[in-house]
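The next block holds one structure in the form of C-alpha cells; read it before the comments.
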Amino acid sequence: MNNKNGIVFGLANERSYAWYITQSLRDAGANIIFSYLPGDKNLRRLMSALKELEMEDATCIPCDVTSDEQLDDLFNKTAMIMPQLDFIVHSVAYANKEYLQIGNFHTTPRQVWAEAMDISAYSLVAIAQRAADLMTEGGSIVAMSYLGAEKVVPGYNVMGVAKAALETASRYLAGSLGYRNIRVNCISGGPLRTLSAMGVANFDRMLDCQEKYSPMQRNITGDEVGKTALFLLSPWASAITGEVIHVDAGFHTLASFPGLKEQIPCHSAIPV
C-alpha cells in the first residue's frame, strides 16, 4: 500500500475495528486522512486513538455523514491533499440504543428507522459517489457489517435492517462502479470487545457463546479484521467485489447449536 491514499471514516477509539484496520494500513505504508463526527469530544477521542498508533500528525477532517454539504467539504479538502484516492474505509453506524433491546423491534418509530438507515447505510452511497471522482485509477471501498444483517439477532433490531441495507448497497455500488475499476466489499466481523459493545447487555455471554460454538471454537481478534480489510483494499484482491467476507471463526455457518434457547441473549451485541 505504499503511495496509496485513502480516507478512514469512523475511527473513534483504540478499541474498534477501524483502529485495527488503520494499524494494518499504516504498517503497509498507506497515506490516510481521517474523518470524524464534528465536536471537540469526538476529536479528542480520535486524537487519543491516533496517538496509540503514533499517527498524531495525520490530517483529521470533521464531517457529519448525514450532511451533503459537509461531505462535499471533506472531499474538496481531500482533493487538495490527495488528488488521487485509492481506498475508503466505512466504519460508520448508529441506531438509537433505546430500540436495541430484545423483543422490541416492532416498536421501532419511523424516525429511529430513518436515522439508522441514513447514517449506517446511505452514508456508504453518499461517500462512494464522491470518492469515485477521485479514484481516477480505480480503487477499493470496504464497509463493516455484522451477522445481524443476515439472521435475526435478538436485540440488534433496526441496526440489523440497516446493515442488511448496507450490504445490499455495497453490491449495487460494486455493480455501478465496476467498469471504473472501483471495488466495493463488506466485512462481517464477529464480536469484538469494543467500547460500544461493552455497553451491551449479556456481551460476555456472547463472547462465551462464540468461543464455545463457532467451528474454530474461539473468538476473533481485531487484528484479523484489520488484515482482511488490508487484503480487500490492496491490489491482492483486484478481482473481488460485491462480496461480504465473514471474519467470525465460522459462526455464520451454523444453523443452530446446543443450548440455543438459553444462549439467545448473548447475541445482542453492537459491533462498530
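Along the sequence shown, residues carry numbers from 1. The basis for the numbers below is simple: all heavy atoms, side chains too, and nothing from hydrogens, waters or symmetry mates.
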Min side-chain heavy-atom separation [X]-[Y] under 4.5 Å:
| X | Y | answer |
| --- | --- | --- |
| Met55 | Arg26 | yes |
| Ile187 | Val244 | no |
| Pro109 | Tyr99 | yes |
| Lys163 | Leu147 | no |
| Ile21 | Val8 | no |
| Ile245 | Leu232 | yes |

For the residue pair [X] and [Y], what are the closest heavy atoms and their distance?
| X | Y | result |
| --- | --- | --- |
| Ser16 | Leu192 | C-CD2, 4.5 Å |
| Ala237 | Arg183 | O-NH1, 2.9 Å |
| Phe9 | Val92 | CB-CG2, 3.7 Å |
| Met135 | Ser140 | CE-O, 4.0 Å |
| Ala149 | Glu167 | CB-OE2, 3.4 Å |
| Ala28 | Leu230 | CB-CD1, 3.8 Å |

Under 3.5 Å: donor-acceptor pair, side chain of Asp86, backbone of Gly6: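 Checking the backbone N and O of Gly6 against the side chain of Asp86, no donor-acceptor pair under 3.5 Å is found.
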Centroid separation Phe251 to Tyr213 less than 6.0 Å: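 Not close enough - the centres of the two rings lie 6.0 Å or further apart.
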Set of salt bridge (charged side-chain N to carboxylate O under 4.0 Å, His left out) partners for Arg180, sequence neighbours left out: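 So Arg180 forms a salt bridge (charged side-chain N to carboxylate O under 4.0 Å, His left out) with Asp133.
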Which residues share a salt bridge (charged side-chain N to carboxylate O under 4.0 Å, His left out) with Asp223, sequence neighbours left out: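 Residues passing salt bridge (charged side-chain N to carboxylate O under 4.0 Å, His left out) with Asp223: Lys227.
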About how many Å separate [atom2] of [Y] and [atom1] of [X], when rounded to the nearest 0.5 Å?
| X | Y | atom1 | atom2 | result |
| --- | --- | --- | --- | --- |
| Ser91 | Tyr20 | OG | OH | 13.0 Å |
| Ile32 | Met82 | CD1 | CE | 8.0 Å |
| Leu233 | Ser24 | CG | OG | 10.0 Å |
| Asn157 | His106 | CG | NE2 | 10.0 Å |
| Gln129 | Leu177 | CD | CG | 10.0 Å |
| Ile220 | Gln210 | CD1 | CD | 7.0 Å |

For a quick test of your reading: what N or O donor-acceptor pairs under 3.5 Å do the side chains of residues 59-70 make, sequence neighbours left out?
residue : atom : partner : partner atom : Å
Asp64   : OD1  : Thr66   : N            : 2.9
Asp64   : OD1  : Thr66   : OG1          : 2.7
Asp64   : OD2  : Thr66   : OG1          : 3.3
Ser67   : OG   : Glu69   : N            : 3.4
Ser67   : OG   : Glu69   : OE1          : 3.4
Ser67   : OG   : Gln70   : N            : 3.1
Asp68   : OD1  : Arg130  : NH2          : 3.4
Gln70   : OE1  : Asp64   : N            : 2.8

Pairs touching residues 215-250 that satisfy ring pair (Phe, Tyr, Trp, His ring centres under 6.0 Å), sequence neighbours left out: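 Applying ring pair (Phe, Tyr, Trp, His ring centres under 6.0 Å) to every pair that reaches into residues 215-250, excluding sequence neighbours, yields His246-His252.
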Verify same cluster id: [X], [Y] (apolar side-chain graph, 4.5 Å):
| X | Y | result |
| --- | --- | --- |
| Met216 | Leu254 | no |
| Ile127 | Ile81 | yes |
| Val161 | Tyr172 | no |

Step-by-step side chain to side chain contact (heavy atoms under 4.5 Å, CB included) determination, Gln111 to Asn96: CA-CA 10 Å; Gln111 180 55 37; Asn96 187 324; over 6 Å; no
Please name all residues satisfying side-chain hydrogen bond (donor to acceptor under 3.5 Å, both in side chains) with [X], sequence neighbours left out, ordered by chain then number.
| X | answer |
| --- | --- |
| Asn5 | Asn31 |
| Asp73 | Lys77 |
| Thr136 | Gln84 |
| Asn181 | none |

Derivation of the side chain to side chain contact (heavy atoms under 4.5 Å, CB included) call for Phe87 and Leu25: CA-CA 10 Å; Phe87 66 87; Leu25 288 167; 3.7 Å; yes
Please output the side-chain donor-acceptor pairs of residues 33-52 that fall under 3.5 Å, not counting sequence neighbours, one pair per line with the distance.
residue : atom : partner : partner atom : Å
Asn42   : ND2  : Leu37   : O            : 3.1
Asn42   : ND2  : Pro38   : O            : 3.3

Residues 113-120, side-chain donor-acceptor partners within the protein, below 3.5 Å, at least two apart:
residue : atom : partner : partner atom : Å
Ser120  : OG   : Tyr94   : N            : 3.0
Ser120  : OG   : Tyr94   : O            : 3.2
Ser120  : OG   : Ala116  : O            : 3.0

Verdict with reasoning, Val153 to Tyr146, per side chain to side chain contact (heavy atoms under 4.5 Å, CB included): CA-CA 10 Å; Val153 174; Tyr146 176 59; 4.3 Å; yes
Pairs meeting criterion salt bridge (Lys or Arg N to Asp or Glu O under 4.0 Å) with involvement of residues 232-241, two or more places apart: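 Qualifying pairs: none.
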Residue pairs passing the salt bridge (Lys or Arg N to Asp or Glu O under 4.0 Å) test where at least one lies in residues 228-255, sequence neighbours excluded: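 Counting only pairs at least two positions apart or across chains, no salt bridge (Lys or Arg N to Asp or Glu O under 4.0 Å) contact touches residues 228-255.
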Test log, rule side chain to side chain contact (heavy atoms under 4.5 Å, CB included), inputs Leu124 and Ile141: CA-CA 9 Å; Leu124 179 65; Ile141 300 171; 3.9 Å; yes
